[in-house]
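Quick note on labels: first sequence line is chain A, next is B, and so on, each numbered from 1. Heavy-atom basis, side chains included; hydrogens, waters and symmetry copies ignored.
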Amino acid sequence: GSKTGENDTAGGVTADTSGDTVKVGLLNSLSGTMAISEVTVRDAIMLAVEEINAAGGVLGKKIAPVGEDGASDWPTFAEKAEKLIKVDRVAAVFGCWTSASRKAVKPVFEENKALLFYPVQYEGLEQSPYIFYTGATTNQQIVPGLDYLKAQGKKSVYLVGSDYVFPRTANKIIKAYAEANGLTVLGEDYAPLGSTEFGTIVNKVKASKAEAVFNTLNGDSNVAFFKEYKSAGLTAASMPVVSVSIAEEEVKSIGTQYLAGQLTAWNYYQTTTGAANDKFVKAYKAKFGADKPTSDPMEAAYVSVYLWKAMVEKAGSFDVEKVKGASDGVTFEAPEGLVTIDGATQHIHKTARIGKIGDDGLITEVWNSGGPVKPDPYLKGYTWATGLS
Amino acid sequence: MSETAGGLRIRGLRVAFDGFVAVDGVDLDVAPGDIRFLIGPNGAGKTTLVDAVTGLVKATGSALFGEQELLGREVHRIARLGVGRTFQTAALFEELTVLQNLDIAAGAGRSPWAMLRRRGAVPDDVAYTLETIGLADRRDALAGTLAHGQKQWLEIGMLLVQNARLLLLDEPVAGMSHEEREATGELLGKVAGERTVVVIEHDMDFLRRFARTVTVLHAGKVLSEGTVAQVQADPKVQEVYLGHASDEPVAQGAEA
Amino acid sequence: MSPRVRAWLGFGLGAVVLFAAAPALLTDFRLSLLAKYLCFAIVAVGIGLAWGRGGLLTLGQGVFFGLGGYAMAMHLKLADAGEGDMPDFMQLYGQLDELPAWWAPFANPVFALAATVLLPMLVAFGLGSLVFRRRVRGAYFAILSQALAAAMVILLIGQQGTTGGTNGLTDIEGFFGYDLDDPVNQRMVYFIIAGVLLALLALTRQLMHSRYGELLVAVRDSEERVRFLGYNPANVKLVAYVVAAGMAGLAGALFVPAVGIISPALIGIVPSIEFVIGVAVGGRAALLGPVLGAVAVAWAKTALSERFPGTWTYLQGAMFVLVVAFLPGGLASLWGLVKRRREAAVPPAPPAEQPVLVKEAAA
Amino acid sequence: MLRIEGVFAGYGRSTVLHGVDVTVDDGTVTAVLGHNGAGKSTLLRAAIGLLRPKQGMVLFGGEDVTKLPPHVRVARGMAYVPQGQQCFPHLTTAENLQLVADGRRGGRQAMASALDLFPALHGLLRRRAGLLSGGQRQQLAIARALITRPKLLLLDEPTEGIQPNVVAEIEQAVLSLAGVDGLSVLLVEQHLGFALRAAHRYHVLESGRVTSSGAGGTGAEPAVRAALTV
Amino acid sequence: MTVILGQLFTGVSIGAVLLLIALGLALTFGQMNVINMAHGEFIMAGAYTTYVLQQTITDAGLSLLVALPIAFAVAGAMGVLLEWALIRRLYTRPLDTLLVTWGVSLMLQQLARDVFGAPNVQTAAPDILTESTSLGADLSIANSRLFILGLVVLAVAALTAALKFTPLGRRIRAVVQNRDLAAVSGIPTGRVDRLTFFIGSGLAGVAGVALTLLGPIGPTMGTNIIIDAFLVVVVGGIGQLKGSVIVAFVLGMLQAMVEYLTTLSVAKVIVFIAIVAFLQWRPQGLFTLRTRSLA
Ligand SMILES: Nc1ncnc2c1ncn2[C@@H]1O[C@H](COP(=O)(O)OP(=O)(O)OP(=O)(O)O)[C@@H](O)[C@H]1O
Ligand SMILES: Nc1ncnc2c1ncn2[C@@H]1O[C@H](COP(=O)(O)OP(=O)(O)OP(=O)(O)O)[C@@H](O)[C@H]1O
Ligand SMILES: NC(N)=O
Ligand SMILES: [Mg+2]
Ligand SMILES: [Mg+2]
């Protein structure tokens, strides 16, 4: 066989587009700890697929979704990605949530020259030629969140996060920002994913007398954290928490009893105004139930399918290289407002929004960036960030 | 290992469990090659004494086998000094065959290299023992499926192939029929001489037939010692252990 | 047919299946999945020895699998990075100026290869010495070994800068100079794994049929009794535990080129239990049972989750439940059952009775 | 009281009892004698219900109990002392007894009288049974069985491991219970003297078959010995 | 100083949660030797019971109180079903129960996902249980934690009394120690097993209700805590309730103290090391019941 460094002999697998359908892969955790979040993303993707099919499909072909369960297990994501690409020969794959799962599948997509659309906000510092990132990178979420705190006159923060790539990297960025912007980081704590014992961390937070908390916890841990937070007598008024992984779905499962008044940083809320969102929310509730909220990752996943469609149609082909080639400048009137693909980074321009959690469980915008922010995954445009990547 | 049997010399042996003294300062000498019977009421401390000597329970005092102090050593080290025992309730490897049980008992001294190879032919001592204990035809039966008495024979067989020089047998003939007791007794007679044997038994017929010397324990202490006749005639022994005519009420003294 | 002849025939058949039939019949993708299953099978062979024969329910084999896997992956990452350079993720997350000292030796291929097997064995030896000597056993040992897996995962995740954290070590491109993207090289990896599996099976068979193998069963049945025969059961168990750990380590090392990733997700409580379940499903005490079971369980997981992405966990759970509860000897015992049914055709099959009067509830 | 009719029983695929018939009449003692491995214990296990016969019937007080689980048979008036000094090791001696007395009318009193029979147990009431000596455990086991005030007592080598003067006591007790209280006893015993003194009838079991039977009493000893040495 | 006191209480409350979860295991595992990996899913069942009840009983306080007995019954019934269908076949091979119940736990998680949806659900707590009681300057104690502590004390007292002093307790212990002997002593072993399992599983249900005050209510909520709970029972000494009680609080304390000084991850690893070290000293757990048999 070939030695490393020799010319790559392995070609990509071409998608099977014979017949009147085109297959796409849906890769989300339907079981395990991450199912809590990822199932809603799957639902949003399915909604987009159905809408597109109802409207005539892509290049005249109906989309045939092939679902696989990543089972909250990174190597399984890799196995399933490979299966979707090689066995089902899908034209693109939509999915993954945690950065760890994305890191696991990344080589699979690169090796097979296949496309992944990744719909979740993440830590940046990555740019794979075969991944399109439709969630926020750090300068579209974390940095605006910090700017907002600074504008509110907060001088100190405490960092709480889950123990994995996204929070650790995000906090690295936050610390760099803090140093340059006169913000004091009074403490930094991590809990293993799934951890639900926050007594000590909350005690530490409380004792630190920080003016705000920046929360990068993911999943279940948030519920335990906020219940503990309230029990300790801490409130949004005395010590607000800015969270970057709590969307409407999580709010619903934690309870406004514990969350009212707290802040979040995202690009989209169910309450975001605009016709595109009204339509999205209505369609989603009609399909999945009136009590089911929409959220940022769901929206980003929904958008990703439409963006792919737009790219394919612009390229006039399902061919991966052609689709990639056509990506730059492709736009979509998304529920969050207009989004545009930046062909150079394969991220999208997104509007940053800070929201406040209300008593009704909905998040209302208290600040936005005024327009889409250009993605900057390596934070090249920020002087304080030199040395981070 | 020396080929001559050592004697057992116990001094001031004491075993206490959370305040309860089960063996209370026992001195005991068993001459090399002797068959010593150890009797006494239920709970007198006989099994505990054997437990102490074989390292199963902690004890104070001294127990010399030949030149070697046994107390304070680990169970398997005591076994390697040539001390073997049976248990009041049979303890075998129930999922292994009779042959495998014996082969394992025979092999504690094997080199790692020998351990990693298969058992070729049946070793001579194992084959011989199989005959001796009358289980040759059940060689390949799983030990767990043996009847009670057969299990006890197998246990004795394991001691024999283990080449123990000091045999401590806890009620070896319990549950055996008369003929089997005879056979067992004769077997013990044969193996004594080059080995020192201590037998715990309640069967007085058996004791009369095969004992050379007898020690009577009572409430953790030596109550009496001597030949069979001497011990039987001892009124203290009759009182606490043997009983008199069956119509007479018998004092129970094992426990306070 | 003598057992020896049967064994040779069995190995012959196994070799034909693994080296001729499978590569001929399976696509590259399926063959690479099979390679992965065979890695699990190697772990399973070790568990069969330690648990099936030795009664050591080790719920932490993932730890050893992981040690082997990380040792291999560290070397491959360093080789990918090239002389003097640091692996990509360290530059990203670690912001380290130079390679941590404990990584450096893994640049040496001989050291790394040896470490894949010896490191797990060493850890097993350390833990086993402590635990077995103090007679921690049964459920105690099981739960403790499980906690070991949990602790190991937490430890790895906490050190993102040097271990890759939750991500683990991914994006492994080369294998001792061979490009892993190349299907031909992937096949080569498969053949290596299959060869190793067969060799380890032969080794294990020898161990099981040796005197040591019998002693191991004896220790499982009555550890104390073995002590009175002059053996130290701690050492007997230790050998099985350490051998099983070595096998798991080797499996982990082979898993890395086959799958291209090693991560905490592969070594925690869940995968560790899955290893054991594979063994139980196949038949813990038989030589081939664990192999069959590991492959069957892993294959079923893939196949079921492909066919029923929404509901496959029911099927998987049901499989575990049914086989372990109703077929204690695992799939390997099916053959015997069928044979017996046929023999017993004349007298009605007697109801199996529980062993009488279990003296004391087992631990 | 008890009729065992044509019982075939065994373990797994092996058959130990090959069509055994044994009857215990009301208020009598029946001894079962035989070599190690003959199937004596197996017979008692089948009688109490720990082992389901592959064929044949167990009748107790005229009722077919073959399919009833052990605890129901105990409720009907059977009691069983297994071979091998069995106890509940982590329960105290008192708890071992109390357990059986629980919820039984006159349980307290039955416990007291069982203890009278084995005074050595008095001092051991608070010790856990697993720590008792073998003979102490055996005494406990017999006492436990008596607390149920059974109509039929199945004894598997009850004197094994018990000191001689207590053996004599047990012998006395068995005789008096059978004679005075109308208790029936099925006794498995190696101790021929005791067995025949106590038994009204005996059966010799060989390889799972009854090979000879007869009236008890010390006079039967030569015949039994002859039967046993075949 | 206040921080230390606060941490002390955190330790106690971690211990209380551990104990609440471990209590049912102390029965099913400690007494019956069943390693029930689905115990976590019984806890989940208790939590979902609270959730379902709140759909009809909207008063948070009332629904919580009602949920306690109902969750006990629901989880208990699931336990009985499990015992009847599977466990009773496995009493002679206790370690296999781990594998079988692992399969059951997978299925129950999926079932929860299908019935209640994959995302977590929310229950409301009575306001008083979301607040804290102030103990002077800066030191306050969460009422929810106090509530759980009280619940645990109650449950432990009731269980101890039941095991020690009632005929049922004796029977439970007798059956596990020697099943056949229990049967021939007139004890309906099957019924006792099922009852024991009912109580043990029911306690898991109660724990589930309590956990709604602290953490998430979702399909996987049981998996994270279950290992710690098993450790508590193991380190406490199988068969010994008092061991579990002491160990739960000691581990809680240790965890809180170490975590305060380092991090949660380090604390978990150190707790593990402490456990291995402890078992060096007491291989059969804090309290052990020795017997003279060799088994
Ligand atoms: N670990 C222990 N804890 C408390 N008491 C114990 C322990 N082991 C033994 N005993 C007590 O010590 C005494 C002596 O017991 P031992 O087994 O040595 O008697 P024995 O002479 O062998 O009696 P038997 O003839 O009945 O077998 C008994 O009263 C027993 O209950
Ligand atoms: N659990 C078991 N499994 C398989 N076979 C068994 C089992 N228990 C006993 N046997 C076999 O059944 C036969 C009869 O055993 P049993 O215990 O009834 O004999 P016994 O007459 O009571 O002997 P002893 O006088 O030694 O107690 C023996 O050959 C024994 O090997
Ligand atoms: N990218 C995240 N949230 O893991
Ligand atoms: Mg004794
Ligand atoms: Mg018998």
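Note: R227(C) leads Q206(C), R220(C), R227(C) in heavy-atom pairs under 4.5 Å with chain B. Counting heavy-atom pairs closer than 4.5 Å to chain C, the top residue among A164(B), A106(B), G107(B), G55(B) is G107(B).
Residue D124(B) qualifies as open at atom CG: its count of foreign heavy atoms under 6.0 Å is 12 or below.
Residue contact with chain B, scored on non-hydrogen atoms closer than 4.5 Å, involves the backbone and the side chain of L215(C) alike. Of the two parts of R110(B), only the side chain, counted from C-beta on, holds a non-hydrogen atom closer than 4.5 Å to a non-hydrogen atom of chain C. With a 4.5 Å cut-off on non-hydrogen atoms, V226(C) touches chain B through its backbone and its side chain both.
Put simply, CG on N235(C) and NE2 on H76(B) are 7.0 Å apart, with the number rounded to the nearest 0.5 Å. If you take CD on E74(B) and CG on N232(C), they are separated by 6.5 Å, rounding to the nearest 0.5 Å. Distance CZ/R211(C) to CG/D103(B): 4.0 Å, rounded to 0.5 Å.
Contact record, G230(C) with R80(B): O-NE, 2.6 Å, taken as the closest heavy-atom pair. Nearest approach of D221(C) to E94(B), heavy atoms of both residues: OD2-N, 3.6 Å. H209(C) and R118(B) make their closest contact through O-CG, 3.4 Å (heavy atoms, listed as atom of the first residue, atom of the second, distance). Smallest separation of non-hydrogen atoms from I104(B) and A218(C): CD1-CB, 3.5 Å. Nearest heavy atoms, E224(C) versus L56(B): OE1-CD1, 4.4 Å. Of all heavy-atom pairs spanning A79(B) and L229(C), the tightest one is CB-C, 3.9 Å.
Listed by first then second residue, pairs satisfying ring pair (Phe, Tyr, Trp, His ring centres under 6.0 Å) with a partner in residues 33-52 of chain B read F37(B)-F206(B), not counting sequence neighbours.
Between E95(B) and R53(C) there is no salt bridge, since no side-chain nitrogen of the basic residue lies less than 4.0 Å from a carboxylate oxygen of the acidic one.
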* **Worked verdict on V219(C) versus F93(B) for side chain to side chain contact (heavy atoms under 4.5 Å, CB included)** => CA-CA 8 Å; V219(C) 169; F93(B) 309 118; over 6 Å; no
* To do: Mind running side chain to side chain contact (heavy atoms under 4.5 Å, CB included) on F228(C) and I78(B) for me, showing each step along the way?
  => CA-CA 8 Å; F228(C) 282 100; I78(B) 295 174; over 6 Å; no
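Taking the ring centre of F87(B) as origin, the terminal cationic atom of R225(C) falls outside the region bounded by 6.0 Å and 45° from the ring axis.
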